[in-house]
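See below for the structure under consideration.
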Amino acid sequence: PKEVLALAGSSAADKLQNTAGKTLILAFLAGAYIAIGGLFSLMAGFGFPGAAEAPGFQRLLSGAVFPLGLILVVFTGAELFTGNNAVLMPGALGRRYGWGKVARNWTLVWLGNFAGALFFTYFLVVLPGVLSSEMWREAACNIAQAKVSLPWGTVFLRGVGANWLVCLAVWLGMSANDVPGRMIGLFFPIMCFVVIGYEHCIANMFFIPAGHAARRTGIGGGAVRRQSGSGHARQHRGRRSLRGRAVLVPQPEISGRKFPRQQGRGSPARNPGHEPSHTHAVRIHEVYPPEYIRAGVSAQAYQRKSINS
């Protein structure tokens, strides 16, 4: 314990000497790393049918892979808010530095973690359509809804439990001198808090925005927006995936108005004196019938059904 305490003091001194810019950059990376672990746990824990009927197994799978986030943070020297709670406390309690420096570090790191988690969520999860599968999209929405529905007191106590275990993980990680020992020390406390169901504030910076984005882009009208963009472009692009483009592609056809197809080489010229045929214009109900929209059938499933029939 004395050696670990000395290592914590040395690490704290280095952290407090960093400039604000360097602290923000390292905190940004830590937020992204925790979001990576959160995404990994979401896809591993909910990537099989019947996950809701086996909550213990689902949590075990999620907990087995989520520690990757903290492992990346520790081995890259990034700045994590909950980890710094453990490292900076001994020196502050021993009056080796003031609480003002601690508050400054915690504030900068928290803001950087938030920015990194949001960046990863939007640019590397939402836009690429990583959660495009109905199974993962529904899981992301349910996780976010469950988290924001908890009473304040419950969230606070679960946050205390999560941070306690994260601090223990950092402490155990500093106790080892080799890479495997550090990874094992970081692994089990983090796995423990995930399986228990505690609330980690930085992980929630990924889970809640990801669930909100999945609900807005993937449930209900999201399938219509993706398919309407595909109807405009599939003559030239075939059946390539258009997931993640709901934010970027204009949607003039949602109101039922016609839009012209782009003409490529060899396309027949449009006759201005006649009503456009189906090769030149399309309505939203022709691309994607309302009964399929109400039934929740995905655009790709409808497209396959149309080709087979």
Treating Ile, Leu, Val, Met, Phe, Trp and Tyr as nodes and any side-chain heavy-atom pair under 4.5 angstrom as an edge, say whether [X] and [Y] lie in one connected cluster.
X	Y	value
V73	L26	no
F66	I71	yes
F114	V148	no
I196	L42	yes
F81	I208	no

Checklist line | Partners meeting ring-ring contact (aromatic ring centres under 6.0 Å, His included) with F207 (sequence neighbours left out) | finding: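 Residues passing ring-ring contact (aromatic ring centres under 6.0 Å, His included) with F207: none at all.
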
Can you tell me how far [atom2] of [Y] sits from [atom1] of [X], rounded to the nearest 0.5 angstrom?
X	Y	atom1	atom2	result
F206	T121	CZ	OG1	5.5 Å
Q145	L150	CD	CG	10.0 Å
E53	Q58	CD	CD	11.5 Å
F75	R182	CZ	CZ	6.5 Å
L70	I190	CG	CD1	4.5 Å
L61	M43	CG	CE	13.5 Å

Check: More than 12 non-hydrogen atoms from neighbouring residues, nucleotides or ligands closer than 6.0 Å to CZ on F57, yes or no?
Finding: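 No, CZ of F57 has 12 or fewer neighbouring heavy atoms, counting only those of other groups under 6.0 Å.
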
Considering only distance and modelled atom types, tabulate donor-acceptor pairs under 3.5 Å from the side chains of residues 152-178, sequence neighbours left out.
from : atom 1 : to   : atom 2 : distance (Å)
N163 : ND2    : N85  : OD1    : 3.0
S175 : OG     : W171 : O      : 2.9
D178 : OD1    : G181 : N      : 3.2

What closest approach, in Å, do [X] and [Y] show between heavy atoms, and which atom pair accounts for it?
X	Y	value
Y97	A12	OH-CB, 3.4 Å
N204	P209	O-CD, 3.5 Å
A78	K15	O-NZ, 4.2 Å

Side-chain donor-acceptor distances from residues 33-41 under 3.5 Å, at least two apart:
from : atom 1 : to  : atom 2 : distance (Å)
S41  : OG     : G37 : O      : 3.4
S41  : OG     : G38 : O      : 2.7

Next item on the list: Just grab all the side chain to side chain donor-acceptor pair (under 3.5 Å) pairs involving residues 100-114, residues at least two apart or on different chains.
Entry: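 Qualifying pairs: N84-N105.
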
Check: By the rule that ILVMFWY residues connect when side-chain heavy atoms come within less than 4.5 angstrom, directly or transitively, which residues belong alongside V195?
Finding: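 The other cluster members (ILVMFWY side chains, heavy atoms under 4.5 Å, direct or chained) are L60, I184, F187, F188, M191.
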
Notebook entry, point to check: Taking ILVMFWY side chains as joined if any heavy atoms are under 4.5 angstrom apart, and letting links pass through other members, which residues group with L108?
Noted result: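 Under the 4.5 Å side-chain rule, L108 groups with L24.
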
